[in-house]
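See structure below.
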Amino acid sequence: MKFKSIKGTKDILPFEVGAWQLVERTIHDVMRTFNYKEIRTPAFEETSLFARSIGELTDIVSKEMYTFKDRSDDSLTLRPEGTASVLRAYIQHALGEQSPLTKVYYIGPMFRQERPQAGRLRQFHQFGAEAIGSPSPQLDVEMMLMALEVYTNLGIESSTLKINSVGCQKCRPAYKELLIRELRKVYEKLSPESQARVLQNPLRVLDSKDENDQKLTHNAPLIKDHLCSDCTEHFAEARALLDATNTRYQVDGRLVRGLDYYTKTAFEIASSALGSQDALAGGGRYDLLVEELGGKPTPGVGFAAGMERLLMVLAKRELSTDLEVQPVLFIAALNEQSRRWAFVKACELRSKGISVEVDCLGRSLKAQMREANRQHARFVVVIGENELASGSTNLKNMQTGQESPVKLDSLDSVFRA
RNA sequence: GUGUCCAUAGUUCAGUCGGUUAGAACGCCAGGUUGUGGCCCUGGAGGUCGUGGGUUCGAGUCCCACUGGACACCCCA
């Protein structure tokens, strides 16, 4: 085979696109009820936008970005996530000047050059939302509820919400030092990965998957116990709101997100129905990011969720079929004259909003019936010399096999309903 | 980037110890029924055995490299 899709990319084929559309509809519906407007940003940006927002030292920026030079020698990057672009657009178009709180959501492809795995592709799709302009924990909780709402509306129950607070500029530095001091004591025994993280991003040592690391850090201090009063209060209110909305969650003091820009609330929704890559969604507050990108100091919070992973959970259940387009009527024709009549009639009915199919391969009646059956057409009419002469035919119900007479020129009224 | 396993019709897979012309099921096409689908019966089309090298009288089968895939690590959605 000469051409193949690029490693880590996938075609979404006709038979599976119905599930995607169902999920997309659900997302649009949920976002509408929370009053979020859709925003569509370009799939690529200046490289430095991502380096600045996500963080130079993160895995995403240091080794996973699709970065290339265009013909003007500018360094561009296929977006690895959505928040940076949304904030760029927010600042560029001064959306904050038009209203104090901006609530937007997005759906689209993201790109990261990683080794493909279950639930991980190089081009994958995320939906997510951002609320820019308010420091209120209500919006932190709104993010969690929106993601959860999408899942429950799709009948997914196997998800769990974990939350943590990663502090802010006031409390994190002191905690970091404390943590590093503790980690130094067991440094020699830590896994190589964790050793490397002690200085680069010590918080991430705590959520290492390595069992030995977990044991060694069992008694390590957690940031949620070392928050400043502002962050403590914020975290408490977020939890109170989750309780008040009857949302089930666990506080996970070791939860750390991989992007540098988070402050205060961080959360993750995972599914037990997935394999090793079990995070369905993740998000958190980023009160310093807008300023970091050149805007006015503006608090914000957001989340991102993986579409493929969501689809994987859905696929494990018996998904109601019939998500594909199916013609309502198949017009089978027997000779040249009736084939032309069928084609013209089909076009006429289609313009009235009725979905109709005809055979364009010159196939036998039997083959046309087989095709109508395969397409799950609800009705079939057969047109030949006799029918054109008499002006009437039989309308066959493909489910029951029953036929009933119908006038050719009243076909459209039969399907008006 | 690292590791393990894998790669044979459109799909899911057989293929013995290295030995003649690489098979099955499903799907597709046609016929059985001169104008009626599904079920059944019959027939047909469809393969560079991932690619390239090597060993051998002989390779789908053994060896090496590459490419791709699955899973895990790292990390993330």
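Computation of the quantities below employed the complete heavy-atom set of this structure, encompassing side-chain atoms and omitting hydrogens, waters and symmetry-equivalent molecules. To find a chain, count down the sequence lines: A is the first, B the second, and so on, and within it residues start at 1.
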* Would you indicate, yes or no, if B/G68 has its OP1 or OP2 atom less than 4.0 angstrom from a side-chain nitrogen or oxygen of A/Lys4? => no

* Look at the aromatic rings of A/Phe267 and A/Phe303 and report parallel, tilted or perpendicular, splitting at 30° and 60°. => tilted

* Atom pair distance, as rounded to whole Å: CD1 in A/Ile331 and C1' in B/U36 -> 16 Å

* To do: Decide, yes or no, whether a salt bridge links A/Glu348 with A/Lys352 under the criterion of side-chain N to carboxylate O below 4.0 Å.
  => yes

* To do: Under 4.0 Å between any heavy atoms, over every strand shown, what does A/Lys366 touch: base, sugar-phosphate, or nothing? Just pick one.
  => base

* To do: Would you mind classifying the nucleic acid contact of A/Ala281 as base, sugar-phosphate or nothing, using non-hydrogen atoms under 4.0 angstrom?
  => sugar-phosphate

* Asked: Do A/Lys396 and B/G37 have a side chain to base donor-acceptor pair shorter than 3.5 Å?
  -> yes

* Asked: Contact class for A/Leu259 (heavy atom, under 4.0 Å): base, sugar-phosphate, or nothing?
  -> sugar-phosphate

* **For atom CD of A/Glu371 and atom P of B/G35, their distance in whole Å** => 19 Å

* If only side-chain N and O atoms of A/Arg257 are considered, is one of them under 4.0 Å from the OP1 or OP2 phosphate oxygen of B/A77? -> yes

* Look at all strands and tell whether A/Arg309 reaches a base, only sugar-phosphate, or nothing, counting heavy atoms closer than 4.0 Å. => base

* **B/C71 OP1/OP2 closer than 4.0 Å to side-chain N/O of A/Gln117** => no

* To do: Look at all strands and tell whether A/Asn386 reaches a base, only sugar-phosphate, or nothing, counting heavy atoms closer than 4.0 Å.
  => base

* Asked: Considering every strand shown, what is the Watson-Crick or G-U wobble mate of B/C5 when both distances are under 3.5 Å?
  -> B/G69

* Can you find a donor-acceptor pair, distance only, under 3.5 Å between A/Glu114 side chain and B/A77 base? -> yes

* Given B/A30, B/G37, B/U2, which nucleotide is nearest the side-chain atoms of A/Ala367? -> B/A30

* Between A/Glu193 and A/Met307, just flag the one whose closest nucleotide in RNA chain B comes earlier from the 5' side. => A/Glu193

* Asked: Just checking A/Gln375: base, sugar-phosphate only, or nothing, at a heavy-atom cut-off of under 4.0 Å?
  -> nothing

* **Side-chain-base donor-acceptor pair under 3.5 Å for A/Glu387 and B/G35** => yes

* N or O in side chain of A/Ser276 less than 4.0 angstrom from B/C73 OP1/OP2 -> yes

* Contact class for A/Leu121 vs. all strands (heavy atom < 4.0 Å): base, sugar-phosphate, or nothing? -> base

* **Contact under 4.0 Å: A/Lys209 side-chain N or O vs B/C73 OP1/OP2** => yes

* Taking atom types as modelled and ignoring hydrogens, do the side chains of A/Thr58 and A/Asp260 form a donor-acceptor contact shorter than 3.5 angstrom? -> no

* **Side chain of A/Arg363 - closest among B/C29, B/G68, B/U4** => B/C29

* Does B/C29 pair with anything, Watson-Crick or G-U wobble, both distances under 3.5 Å, and if so, with which nucleotide? -> B/G43

* Asked: Counting any heavy atom closer than 4.0 Å, what does A/Glu403 reach on the DNA or RNA strands: base, sugar-phosphate only, or nothing?
  -> base

* Tell me yes or no: between the side chains of A/Ser159 and A/Ser271, is some donor less than 3.5 Å from an acceptor? => no

* Determine: side-chain N/O of A/Lys10 to OP1/OP2 of B/A70, distance under 4.0 Å, yes or no. => yes

* Asked: Do A/Arg239's NZ or CZ and the ring of A/Phe235 fall within the cation-pi criteria of under 6.0 Å and 45°?
  -> yes

* Asked: Does any nucleotide pair with B/G38 by Watson-Crick or G-U wobble geometry, both distances under 3.5 Å, and what is it?
  -> none

* Within the structure shown, what part of the strands sits under 4.0 Å from A/Gly82 by heavy-atom distance: base, sugar-phosphate, or nothing? -> nothing

* To do: When you get a sec, tell me which of B/A77, B/C73, B/G37 is the closest nucleotide to the side chain of A/Arg115?
  => B/C73

* Between A/Arg370 and B/A30, is there a side-chain N or O to OP1/OP2 distance below 4.0 Å? -> yes

* **Side chain of A/Arg120 - closest among B/A77, B/G35, B/A72** => B/A77

* When A/Leu183 is tested against each of A/Asp213, A/Leu216, A/Val198 for side-chain contact (heavy atoms from CB on, under 4.5 Å), which residue passes? -> A/Val198

* To do: Please work out if A/Leu334 contacts a base, only the sugar-phosphate, or nothing of the nucleic acid, heavy-atom cut-off 4.0 Å.
  => base

* Any side-chain donor near an acceptor of the partner, A/Ser338 and A/Asn335, under 3.5 Å -> yes

* Tell me which nucleotide among B/G37, B/C74, B/A77 gets nearest to the side chain of A/Asp59. => B/C74

* Asked: Between A/Glu130 (CD) and B/A77 (P), how many Å, whole number?
  -> 12 Å

* Asked: Between A/Arg374 and B/C28, does any side-chain N or O lie under 4.0 Å from OP1 or OP2?
  -> yes

* May I ask you to say what A/Gly401 touches in the nucleic acid, namely base, sugar-phosphate or nothing, with a heavy-atom cut-off under 4.0 Å? => base

